[in-house]
Peer 1: 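Let me give you the structure first, and then I'll get to my questions.
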Amino acid sequence: MPKRYTVTAALPYTNGPIHIGHLAGVYVPADIYTRYLRGIGKDVLFICGSDEHGVAISLKAKKEGKTPKEIIDQYDQVIRDSFQEFGIGFDNYSRTSRKIHFDTAQEVFKNLDAKSIFELKESEQLFDEEAQEFLADRFVTGTCPICQHPEAYGDQCESCGSSLSATELIEPKSTISGGKPALRETKHWYLPLNRYEDFIQKWILEGHKKDWKPNVYGQVKSWVDNGLQPRAVTRDLDWGIPVPAEGGEGKVLYVWFDAPIGYISSTKEWAQQKGKDWEPYWKDKDTQLVHFIGKDNIVFHCIIFPIILHAHGDYILPENVPANEFLNLEGEKISTSKNWAVWLHEYLKEFPYQQDVLRYVLTSNAPETKDNDFTWDEFQARNNNELVAIYGNFINRVVVLTHKYYEGKVPAPGNLTEQDNTVLEEMALIPKKIGNAIEHYHFREASQLLMQLARLGNKYLADAEPWKLIKTDPERVKTIMHTALQIAAGLSILSEPILPFTAKKLSKMLLLDPKNQAWVQVTKVSTLIDPGHQIGTASLLFQKIENDQMEQQRMKLKASVAENKIDSLKIAPIKPTTSLDDFKSLDLKVAKIIVAEKVRKTKKLMRLTVDLGQEQRTVVSGIAEDFSPEDLIGKQVTLLTNLHPRTLKGIESNGMILLGENVTGSFVFVNPENKETKTGLSIH
RNA sequence: CGCGAGGUAGAGCAGUGGUAGCUCGUCGGGCUCAUAACCCGAAGGUCGCAGGUUCGAGUCCUGCCCUCGCUACCA
């Protein structure tokens with residue numbers, strides 16, 4: 001058994017608030033894990049903080065006419081407050097913009113630099129003269145050298161799917177200033193991951209085959225099998241931690257290099273405040289380090305950061321990295337930019353004192369093995385059918401009956417029957433089962449086990465029927481109610497990790513002394529609540545959620561996403577005047593779609609066969625996200641017929657169909673009257 | 001193209017060689033202490049598809065299909 005635990009949750013990036021995806025993937029499981037460990041008396045340190053560097057923040061600041069500091073201060077506050085109110089119990093929540101973090105990150109860099117771990121490389125990169133900035137691949141667009149698509153990105157052409165490098169683009173353009181970037185020499189420090197393949201191979205692929213989640217293990221294996229490449233740890237940017245080395249002027253540490261080091265800085269900060277020693281939490285072999293992250297972060301936490309720690313030499317490595325998959329929302333990917341999300345700070349306002357409902361829903365439907373879907377229907381169902389109907393109702397029955405029969409005093413039991421013993425023994429097994437599930441990161445299972453205890457209580461009452469026996473055998477009822485009250489007390493203790501607010505409310509209702517509320521007590525068939533003990537009056541633990549409340553949430557989602565799209569919709573300026581001759585050179589015809597099928601292995605491409613009256617031809621069009629084949633077959637469209645043929649995914653496309661765009665940015669047909677015209681006619 | 005994860009009842013999941021399970025939902029019944037809550041019972045699955053190994057396959061092997069990720073700083 002490890003002496004102590006260091007548990008980290010992924011540092012949230014401060015360019016937006018926290019949403020349910022973050023919670024389900026990282027913060028709720030990490031919080032359950034740490035609450036459980038504390039509950040069984042372990043030494044646990046739970047660490048997090050805001051990740052405040054990187055291009056995205058400096059870009060967002062530029063866009064909104066603010067300084068990066070204003071952006072990070074704003075979101076750090078929102079995130080910090082919402083975590084606090086939601087009951088995520090970090091021991092410390094720091095920020096990577098603090099001095100202690102600068103010092104720590106620079107120390108790590110200098111340490112590796114002194115050991116000559118890094119490789120220095122010169123390379124040519126595109127530089128935006130206007131913005132005075134080197135451009136990341138994604139911030140360059142231009143014409144694709146392979147398919148001639150005019151808006152390919154610097155890393156990939158979305159039209160033909162080819163991987164590109166930004167310098168290959170024809171007529172490159174900066175998406176920041178719109179200007180034409182120039183090539184410039186620049187120098188960067190690289191971490192040669194390739195030299196550590198053996199280390200990763202031994203440590204993870206051989207050492208953690210059994211105990212790491214298949215998705216995490218598989219992902220690491222995939223990276224190693226494909227061969228690790230050196231990665232730059234510095235960037236040309238003015239927002240971040242200066243590179244502490246000769247020639248590092250104007251350069252900062254790349255955000256993924258400094259961010260995980262934030263766990264260490266946050267630990268140091270905590271230690272300073274509490275007057276403790278931080279080092280055992282990162283350097284003692286008896287410490288178990290666990291990183292809670294989402295699947296997009298696997299490579300950083302399983303390969304890059306461990307290599308940094310390993311190269312540094314003094315540090316322990318993570319014992320496990322239980323990365324979760326992603327949570328979708330109402331069938332769509334959660335998207336900050338499209339405003340398709342349920343934001344934590346808004347939830348807290350709209351569902352006051354219902355933190356545990358969200359915690360429960362996200363836990364019982366956590367994306368542990370594959371992506372999952374969050375729907376408001378399910379949220380409502382879990383609340384009404386499980387929390388209210390099973391858990392809340394059981395407690396209410398017990399408390400109300402105790403007041404009715406005994407004025408709220410726990411009755412003294414007579415001889416226990418087999419029925420009573422069975423149920424008490426069954427309860428005694430549950431803490432172990434829940435603990436085992438949590439220790440193996442099976443939080444879904446843990447939430448089910450907890451609910452099983454409430455179910456056990458309900459069944460016990462239904463079988464024993466105290467409300468009948470009270471008329472014929474009041475002595476027996478005392479034993480029954482005593483037993484039922486033990487289950488209620490057990491629930492209050494075992495709920496703490498998953499439903500901390502409920503646990504608190506319940507123990508208050510039962511007027512339990514927190515000192516007697518140890519997890520371990522439930523494992524013994526013992527008295528958790530003594531005869532003669534006065535309990536408080538009944539109040540509802542959970543409230544039913546009505547349909548109209550859910551309807552409001554669904555409306556809100558739709559409204560915000562529509563609003564967001566209209567805001568971001570650009571009205572393109574009218575292009576310079578063209579000549580009639582130029583226009584006449586375009587051959588536009590009415591075409592009827594007769595065959596439509598999705599091109600396999602692509603998201604957007606649709607293969608169409610169109611009838612032009614005089615002939616039929618094949619056209620490939622990037623519209624599969626907005627139309628299904630059934631929507632298209634039989635429809636008439638305007639076709640630009642004399643466009644140079646182009647091959648997409650091996651299919652030659654002869655022409656381009658013309659479509660309009662609606663307010664949500666999707667393609668639509670432009671034909672308000674829907675009257676058929678004659679196929680093959682020209683458009684003037 | 002490749003690599004990784006997933007594809008089991010209406011929904012969400014468990015199940016790594018031996019008669020297909022759990023929760024919710026649905027239907028029927030019971031109870032009345034309880035937030036029209038609770039309890040019992042039933043219906044519902046050719047375990048993505050096709051081959052193969054085996055006495056026996058959801059579980060092992062091969063091929064294919066679909067979803068998600070690796071590829072927009074989004075966990």
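Throughout, a chain's letter reflects where its sequence line sits, starting with A, and its residues are numbered from 1. Just so you know, these numbers use all the heavy atoms, side chains as well, and skip hydrogens, waters and symmetry mates.
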Peer 1: Taking any strand in view, what nucleotide pairs with A43(B) in a Watson-Crick or G-U wobble way, both distances under 3.5 Å?
Peer 2: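 Its partner: none found.
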Peer 1: Need the pair for U62(B). Rule: Watson-Crick or G-U wobble, both distances under 3.5 Å, any strand; none if unpaired.
Peer 2: A50(B)
Peer 1: Mapping Gly218(A) and Ser364(A) to their closest nucleotides on RNA chain B, which lands nearer the 5' end?
Peer 2: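 Nearer the 5' end of the strand: Gly218(A).
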Peer 1: Both distances below 3.5 Å, Watson-Crick or wobble geometry, any strand: find the nucleotide opposite G4(B).
Peer 2: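 With both distances under 3.5 Å, G4(B) matches C68(B).
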Peer 1: On a whole-Å scale, what distance lies between the P atoms belonging to G7(B) and A43(B)?
Peer 2: 26 Å
Peer 1: Can you tell me how far P in A9(B) sits from the matching atom in G44(B), rounded to whole Å?
Peer 2: 15 Å
Peer 1: Determine the Euclidean distance between corresponding C1' atoms of U54(B) and G17(B); express it in Å to zero decimal places.
Peer 2: 9 Å
Peer 1: Tell which nucleotide pairs with C38(B), taking only Watson-Crick or G-U wobble pairs whose two distances are both under 3.5 angstrom.
Peer 2: G30(B)
Peer 1: Where along residues 437-452 of chain A does a heavy atom fall under 4.0 Å from RNA chain B?
Peer 2: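 Those residues whose heavy atoms fall under 4.0 Å from RNA chain B, taken from residues 437-452 of chain A in numerical order, are Arg444(A).
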Peer 1: Name the residue closer to the 5' end of RNA chain B, choosing between Val216(A) and Asn328(A) according to the nucleotide with the nearest heavy atom.
Peer 2: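 So the residue in question is Val216(A).
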Peer 1: Below 4.0 angstrom, N of the basic side chain to O of the carboxylate: do Asp31(A) and Arg359(A) qualify?
Peer 2: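 Result for this pair is yes, salt bridge flagged.
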Peer 1: Could you run through nucleotides 30-40 of chain B and give me one letter per nucleotide, 5' to 3': B if any protein heavy atom sits under 4.0 Å from the base, S if only the sugar-phosphate is that close, - if neither?
Peer 2: -SSBBB-SSSS
Peer 1: I need the minimum non-hydrogen distance between Val255(A) and Tyr13(A), along with the two atoms involved.
Peer 2: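 Closest approach of Val255(A) to Tyr13(A): CG2-CE1, 4.4 Å.
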Peer 1: Give the rounded distance in Å between these two atoms: CG of Asp371(A) and C1' of G69(B).
Peer 2: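 So the CG-C1' distance, Asp371(A) to G69(B), works out to 7 Å.
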